[in-house]
Amino acid sequence: MYFNVKDVQQFEAQKDFIDTAIVPLLSLDFQEQSIKQSSSAAEYLMSLTAFIEQQFKGRLMLVPPFSYTEQTKSGLFVPLLKEELHNAGFKHVIFVTCDHSWTSLQDQIDVIWLPAIPLESMDKEVKKKVLEDQLKQLIPILSSKWSQS
């Protein structure tokens, strides 16, 4: 499910089953030496989280990414976002990122860190295979989080 009117209406009707919010944490770096790497990581993260949404439709909602720059990054906002999503009815709020620094907040938020894989030069089939392989690694993590409730 996505954060759009149609899916939100379904979420409201089925809150007991749609218990997980996935939040991409998206780093934006506009420095000349790192903008390409930043955009590549963003492309990967958005492709992966969309793929996760497809596989678990009806169990989770993919919310719009929390985008930040190094200057605007603050650990305070993400725990507040987690709290708001919990208050909205999500039992599990899972942040997914390619920025390893978020793992320092593991005691406050559920965060899954994955190294960015450059997808831009891959053809469609190879890209799909890479995303499937990543999903296979994430399924035990998600299952573990779901079994804790």
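By the criterion of side-chain heavy atoms lying less than 4.5 angstrom apart, applied directly or through intervening Ile, Leu, Val, Met, Phe, Trp or Tyr residues, Phe77 is grouped together with Leu85 in one hydrophobic cluster. Criterion: ILVMFWY side-chain heavy atoms under 4.5 Å apart, direct or through other members. Under it, Leu25 and Trp113 are not part of a common hydrophobic cluster. In the hydrophobic clustering of ILVMFWY residues, with side-chain heavy atoms under 4.5 Å counting as a link, Ile112 and Phe51 come out together. Residues Leu60 and Phe17 fall into different hydrophobic clusters, defined by Ile, Leu, Val, Met, Phe, Trp and Tyr side chains chained together at heavy-atom separations under 4.5 Å. Following chains of ILVMFWY side-chain contacts shorter than 4.5 Å, one can reach Val93 starting from Val8, so the two form part of one hydrophobic cluster.
For residues 78-88, the set of pairs meeting the side chain to side chain donor-acceptor pair (under 3.5 Å) definition, not counting sequence neighbours, is empty.
Judged by distance alone, with hydrogens and angles left aside, the side-chain atoms of Thr72 form no donor-acceptor pair with the main-chain N or O of Tyr68 at under 3.5 Å. Remark: the backbone N or O of Ile117 is not paired with any side-chain donor or acceptor of Ser40 at under 3.5 angstrom. A distance-only check finds no donor-acceptor pair linking the side chain of Gln108 to the backbone of Pro79 [under 3.5 Å].
Residue-environment remark: CD (Gln37) stays at or below the threshold of 12 foreign heavy atoms within 6.0 Å. Surrounding CD of Gln33 are more than 12 heavy atoms belonging to other residues, nucleotides or ligands, all under 6.0 Å away.
The heavy-atom pair separating Lys36 from Ser39 by the smallest distance is O-OG, 2.9 Å. Here the closest heavy-atom approach between residue Pro115 and residue Cys98 is recorded as C-SG, 4.5 Å. A pairwise comparison of heavy atoms in Pro24 and Val63 identifies CD-O, 3.5 Å as the closest pair. Considering all non-hydrogen atoms of both residues, Leu28 and Ser67 come closest at CD1-CB, 3.8 Å.
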request  = Please report the C-alpha distance between Phe56 and Trp146 in whole Å, then the side-chain angles of each, then the deciding distance to 0.1 Å, and finally whether the ring-ring contact (aromatic ring centres under 6.0 Å, His included) criterion is met.
outcome  = CA-CA 12 Å; Phe56 292 103; Trp146 289 330; 5.2 Å; yes
key: Lys145 and Asp110: CA distance, side-chain angles, deciding distance, side-chain contact (heavy atoms from CB on, under 4.5 Å) verdict   = CA-CA 9 Å; Lys145 292 181 185 306; Asp110 279 331; 3.5 Å; yes
ask   = Is there a side-chain contact (heavy atoms from CB on, under 4.5 Å) between Ile52 and Leu138 once you walk through the steps?
value = CA-CA 9 Å; Ile52 292 168; Leu138 290 174; 3.4 Å; yes
task = Run the numbers on Phe11 and Phe90 for ring-ring contact (aromatic ring centres under 6.0 Å, His included), then give the verdict.
result = CA-CA 10 Å; Phe11 165 72; Phe90 293 102; 4.5 Å; yes
query = Checking side-chain contact (heavy atoms from CB on, under 4.5 Å) for the pair Val96/Ile22: CA distance, chi angles, key distance, verdict?
reply = CA-CA 7 Å; Val96 182; Ile22 298 288; 3.9 Å; yes
Working for side-chain contact (heavy atoms from CB on, under 4.5 Å), residues Ile18 and Met1 = CA-CA 9 Å; Ile18 306 158; Met1 311 189 94; 3.1 Å; yes
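You'll find the side chain of Glu53 reaches within 4.5 Å of the side chain of Tyr2, heavy atoms only. The shortest side-chain heavy-atom distance between Thr69 and Ser27 does not fall under the 4.5 Å cut-off. A heavy-atom distance below 4.5 Å is found between the side chains of Leu119 and Met122. Phe3 places none of its side-chain heavy atoms less than 4.5 Å from the side chain of Leu62. Taking the side chain as every heavy atom from C-beta outward, Gln55 and Leu135 approach each other to under 4.5 Å. Here the side chains of Val23 and Ile94 are not in contact, with every heavy-atom distance at 4.5 Å or above. Between Phe66 and Leu26 the shortest side-chain heavy-atom distance does not fall below 4.5 Å. The shortest distance between side-chain heavy atoms of Trp102 and Val78 falls below 4.5 Å.
In summary, the side chains of Tyr44 and Glu120 do not present any donor paired with an acceptor at a separation below 3.5 Å, with no hydrogens or angles considered. At a cut-off of 3.5 Å, with distance as the only test, no side-chain donor of Ser144 or Ser147 sits close to an acceptor on the other residue.
Remark: Asp123 engages Glu125, Val126 in a side-chain contact (heavy atoms from CB on, under 4.5 Å) (not counting sequence neighbours). For Lys73, the salt bridge (Lys or Arg N to Asp or Glu O under 4.0 Å) test picks out Asp99, with sequence neighbours left out. By the side-chain contact (heavy atoms from CB on, under 4.5 Å) test, Ser104 is found to be paired with no residue, residues two or more places apart in sequence or in another chain being considered. The side-chain contact (heavy atoms from CB on, under 4.5 Å) search around Gln106 returns Thr103, Val111, not counting sequence neighbours. For Asp29, the side-chain hydrogen bond (donor to acceptor under 3.5 Å, both in side chains) partners two or more places apart in sequence, or in a different chain, are Ser34.
One finds the OG1 atom of Thr20 at 5.0 Å from the NE2 atom of His92 (value rounded to the nearest 0.5 Å). Distance check: Gln134 CD to Ser47 OG gives 11.5 Å after rounding to the nearest 0.5 Å. To the nearest 0.5 angstrom, Gln54 atom CD is 10.5 Å from Thr49 atom OG1.
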